[in-house]
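Scroll down for the structure; my scribbles are underneath it.
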Amino acid sequence: MLRIGITGGIGSGKSVVARLFAALGVPVYDSDSRAKWVMAHDEVLRAQLQAAFGPAVYDAAGQLNRSYLAQVAFNDATQLARLNALVHPRVGEDFATWTAAQVAAGYPYLLKEAALLYESGAYRGLDSIITVFAPPEVRMARVLRRDAHRASADVQAIMGKQLSEEEKLQRAEYVVYNDDSQLVLPQVLALDAAFRKG
Ligand code: ADP
């Protein structure tokens with residue numbers, strides 16, 4: 001079974017494109033939301049995070065305390081590396097379990113959607129990668145429209161931590177152009193047909 005990654009810079013439209021594949025019946029693993037789920041529900045990881053960062057990682061109701069975690073880990077490279085070293089293996093396990101279920105269900109291929117497929121190294125476990133492309137100014141405008149809580153400096157900071165579009169274009173086996181230069185749906189249908197053939 002083919003395992004295809006789908007990535008793209010913030011605002012490129014990778015979630016929208018992934019949803020088009022999902023509408024065609026393709027199983028899509030959304031890495032961001034699965035990672036959040038695993039951090040909230042995986043008992044092994046919960047214990048590890050509390051041991052590493054203190055009991056305040058979860059609030060009185062047992063919910064993940066995101067602002068606390070952001071405060072202790074997101075602005076400190078060492079702490080962030082510690083957090084990732086705990087979270088990544090558990091999310092990897094979750095992806096493996098999910099993949100096995102898709103294989104058992106007989107799907108012809110699956111997609112793994114992630115903003116940082118190359119940056120995290122996750123691309124290595126996949127057969128090929130689709131990059132969704134849009135230029136930075138288009139992405140900025142989309143994100144400012146989508147996310148009321150983000151200022152342009154926040155978006156710039158996120159973009160600064162992601163590989164450039166040029167590098168992703170060079171590395172990806174497939175590209176979906178979502179920059180208004182081409183219709184998106186025909187590109188998705190062509191890729192879907194190719195992946196179904198294997
Ligand atoms: P990503 O997951 O890559 O950050 P999204 O898929 O959430 O990006 O798309 C960013 C925003 O831009 C969303 O609000 C989405 O609806 C919008 N968007 C995506 N593609 C287009 C397009 N071709 N034209 C107009 N808006 C788009």
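Just follow the structure's listing: the first ligand is 1, and inside any ligand the first atom is 1.
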Query raised in the report: At a 4.0 Å threshold, what atoms of ligand 1 neighbour a non-hydrogen atom of K14?
Result: 1 (P), 2 (O), 3 (O), 4 (O), 6 (O), 8 (O)

**Report entry** Element-labelled atoms of ligand 1 that are located less than 4.0 Å from some non-hydrogen atom of V16
**Finding:** 6 (O), 15 (C), 16 (O), 19 (C)

Query - Salt bridge flag under 4.0 Å for residues R196 and D192 - result: yes

Query - Under 3.5 Å: N/O of G11 near N/O of ligand 1 - result: yes

Query raised in the report: Starting from atom 10 (C) of ligand 1, which protein heavy atom do you reach first, and at what distance in Å?
Result: R146 NH1, 3.8 Å

Report summary line: In ligand 1, the atoms that come under 4.0 Å of a heavy atom of G9 are 3 (O)

Query raised in the report: Any nitrogen or oxygen of S12, main chain or side chain, under 3.5 Å from a nitrogen or oxygen of ligand 1?
Result: yes

Query raised in the report: Do NZ/NE/NH1/NH2 and the carboxylate oxygens of R139 and E165 come within less than 4.0 Å?
Result: yes

Report summary line: atom 8 (O) of ligand 1: closest protein heavy atom, distance to 0.1 Å, is G13 N, 3.2 Å

Query raised in the report: Please state which protein non-hydrogen atom is closest to atom 23 (N) of ligand 1 and give its distance, to 0.1 Å?
Result: N178 OD1, 2.7 Å

Report task. Would you indicate whether the side-chain heavy atoms of V176 and Y174 approach each other to under 4.5 Å? Result -> no

Query raised in the report: Which residue owns the protein heavy atom closest to atom 11 (C) of ligand 1, what's the atom, and how far is it?
Result: R142 CB, 3.9 Å

Query raised in the report: Side-chain donor-acceptor pair under 3.5 Å between Y109 and D127, yes or no?
Result: no

Requested in this report: Test the R82-F53 pair against the cation-pi criterion, namely NZ or CZ under 6.0 angstrom from the six-membered ring centroid and within 45° of the ring axis.
Outcome: yes

Query raised in the report: Is V57 close to Y68 at the side-chain level, that is, under 4.5 Å between some pair of heavy atoms?
Result: yes

